[in-house]
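Below is one structure; the comments refer to it alone.
Side chains are part of it too, since the values below use all heavy atoms of this structure and drop only hydrogens, waters and symmetry mates. Position 1 is the first residue of the sequence, and the numbers go up from there.
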Amino acid sequence: MRQFYQKSISFLRAAVSATLFPDECILCGGLAYGVPLCRKCRSVLAQEASESIERCRCIVCGKPLLSETEVCLQCRTDDAPAKKLDGIRPVFPYLLTKKKLLYTWKIAGCKPLTPFFAEYMYKMYSHEFAGLPLVPVPPRPGKIREKGWDQTKSLAKQFRHVHGVEVLDYLVRTSGLQQKKLGRKERLSRKAQYSASKKLMREKKENIPRHVVLLDDVMTTGSTLCSCAAVLKAYGVQKVSALTLFTVPA
């Protein structure tokens, strides 16, 4: 009943917004309704997301394979960060129009894009991780107070309230330094910035799930996801996979 209520509210809000306040598509400039994307651009993204689910991917980092078999060239190296996880599945590569989409959503704060993106991520989740609990990557301290929201937390709410997926707030972030201000080498060399939440520390051993899925918006080097995975495994989680909206090609 709660899921039906949440979906009904989202639909009504979109309908009212579309009727009274038509918007401009952020990708092509056409007329948009509900979210700042026209019907054509939404259709293209939907097609890309569907193809992404069936695409041949690296079994370690989830990036599309070209001529490789099973494992991409980067993940064949001994120091590949993604090897510390049990599989990553991104929905889109962070290229071209996706950069504009992410900027509009994450930096400009276009919140109506959240349920739109969550739908794509839920399809990938259903195909790869159905039934497994999600653990969202937590925001840096003070971000929500400063920005008013956190995009990954918003995605987690969509999974929990609209799709009925179990979401476990098992992690907290201990550093306030923004990752986007660091280069690749700096990100990989930084010490762990995440720790167990009070919820995880108080959880009985028999209640800790065997396999969980980290939820994040973008995978750049994989260092954030690996840091989070290390914390979860230290508390008894045996397998940690990851689901992201975008991945940055090597």
Side-chain angles (χ1 to χ4, degrees), residues 60-63 81-92 94 98 102 105-107 109 111 113-114 117-118 120-122 124-125 128-129 132-161 163 165-182 184 186-188 190-201 203 208-209 211-237 239-248:
V60 178
C61 70
K63 293 178 180 178
K83 282 188 174 181
K84 297 178 182 178
L85 286 106
D86 299 285
I88 304 172
R89 282 295 176 269
V91 179
F92 298 113
Y94 185 53
K98 311 307 185 305
L102 183 64
W105 176 52
K106 185 174 180 177
I107 308 302
K111 296 179 183 179
L113 283 172
T114 300
F117 286 147
Y120 292 145
M121 297 187 80
Y122 180 70
M124 180 68 81
Y125 166 85
E128 299 287 343
F129 308 117
L132 295 178
L134 290 176
V135 177
V137 172
R140 59 182 172 80
K143 178 182 178 182
I144 295 179
R145 183 174 64 254
E146 176 188 335
K147 303 289 186 180
W149 76 306
D150 175 66
Q151 62 283 349
T152 302
K153 194 175 184 68
S154 294
L155 286 173
K157 287 181 179 179
Q158 288 289 314
F159 270 91
R160 175 184 279 148
H161 298 308
H163 300 293
V165 176
E166 182 180 13
V167 177
L168 302 172
D169 295 315
Y170 272 177
L171 299 167
V172 293
R173 184 166 171 176
T174 56
S175 171
L177 183 63
Q178 296 184 54
Q179 287 281 83
K180 66 182 181 181
K181 295 183 178 180
L182 302 176
R184 181 180 178 83
E186 291 177 299
R187 292 188 185 207
L188 293 174
R190 281 184 61 78
K191 294 181 180 180
Q193 302 178 68
Y194 299 88
S195 62
S197 67
K198 291 181 180 179
K199 177 179 175 61
L200 178 55
M201 289 189 286
E203 198 80 272
I208 293 177
H211 188 180
V212 302
V213 181
L214 286 167
L215 178 69
D216 204 3
D217 57 344
V218 182
M219 182 186 77
T220 304
T221 63
S223 60
T224 291
L225 295 173
C226 289
S227 294
C228 292
V231 174
L232 294 170
K233 289 187 176 183
Y235 277 82
V237 178
K239 294 182 66 176
V240 181
S241 301
L243 172 66
T244 69
L245 182 60
F246 300 106
T247 183
V248 178

May I ask you to test the C228-V231 pair for a side-chain heavy-atom distance under 4.5 Å? no
Check step by step if side-chain contact (heavy atoms from CB on, under 4.5 Å) holds for L215 and V167. CA-CA 10 Å; L215 178 69; V167 177; over 6 Å; no
Report yes if the side chains of F92 and L245 come closer than 4.5 Å at any heavy-atom pair, otherwise no. yes
Distance (rounded to the nearest 0.5 Å) between K157 NZ and D150 CG: 9.5 Å
Looking at I88 and C61, what are the two nearest heavy atoms and their distance? CB-O, 3.3 Å
Identify the two heavy atoms, one from W149 and one from S154, that lie closest to each other, and give their separation to 0.1 Å. CE3-OG, 3.2 Å
Mind checking the CD-CZ spacing from E128 to R89? Nearest 0.5 Å is all I need. 4.5 Å
Start with the C-alpha distance between E203 and Y235, add both sets of side-chain angles, then the distance that settles side chain to side chain donor-acceptor pair (under 3.5 Å), and finish with yes or no. CA-CA 9 Å; E203 198 80 272; Y235 277 82; over 6 Å; no
Atom NZ of K143 with >12 non-hydrogen neighbours under 6.0 angstrom: yes
Flag side-chain contact, heavy atom, 4.5 Å: F117 against Q158: no
When rounded to the nearest 0.5 angstrom, what distance separates NZ in K239 from CG in L85? 11.5 Å
Distance only, no hydrogens: is a donor on one side chain within 3.5 Å (strictly under) of an acceptor on the other, for T152 and D216? yes
Relative to each other, are the rings of Y122 and H163 parallel, tilted or perpendicular (30° and 60° limits)? parallel
Is there a side-chain contact between L225 and V137 (heavy atoms, below 4.5 Å)? yes
State, with a plain yes or no, whether a side-chain heavy atom of L214 is found less than 4.5 Å away from one of T224. no
Contact between R173 and P141 at the side-chain level, heavy atoms closer than 4.5 Å - yes or no? yes
Does atom NZ (K84) have a neighbourhood of more than 12 heavy atoms from anything else shown, all under 6.0 Å? no
In this structure, CG of L171 is separated from OG of S227 (nearest 0.5 Å) by 10.5 Å
Looking at every heavy atom in both P209 and V212, which two are closest together, and how far apart are they? CG-CG1, 3.5 Å
Find the distance between CG (L102) and OH (Y94) and round it off to the nearest 0.5 Å. 4.5 Å
Less than 4.5 Å apart, any side-chain heavy atom of M121 and any of L155? yes
Given side chains that start at C-beta, do those of K63 and M219 come closer than 4.5 Å, heavy atoms only? yes
If the threshold is 4.0 Å, N to carboxylate O, is there a salt bridge linking K199 and D169? no
For F159 and L243: C-alpha separation, side-chain torsions, deciding distance, then whether side-chain contact (heavy atoms from CB on, under 4.5 Å) applies. CA-CA 12 Å; F159 270 91; L243 172 66; 4.0 Å; yes
Y194 side chain vs C226 backbone, donor-acceptor pair below 3.5 Å: no
Evaluate the side-chain contact (heavy atoms from CB on, under 4.5 Å) criterion for residues I208 and L200: first the C-alpha distance (whole Å), next the side-chain angles of each, then the deciding distance (0.1 Å), finally the verdict. CA-CA 8 Å; I208 293 177; L200 178 55; 4.2 Å; yes
Determine yes or no for a side-chain-to-main-chain donor-acceptor pair under 3.5 angstrom, with S241 supplying the side chain and D86 the backbone. yes
Which heavy atom of G62 sits nearest to which heavy atom of P90, and what is that distance? O-CD, 3.5 Å
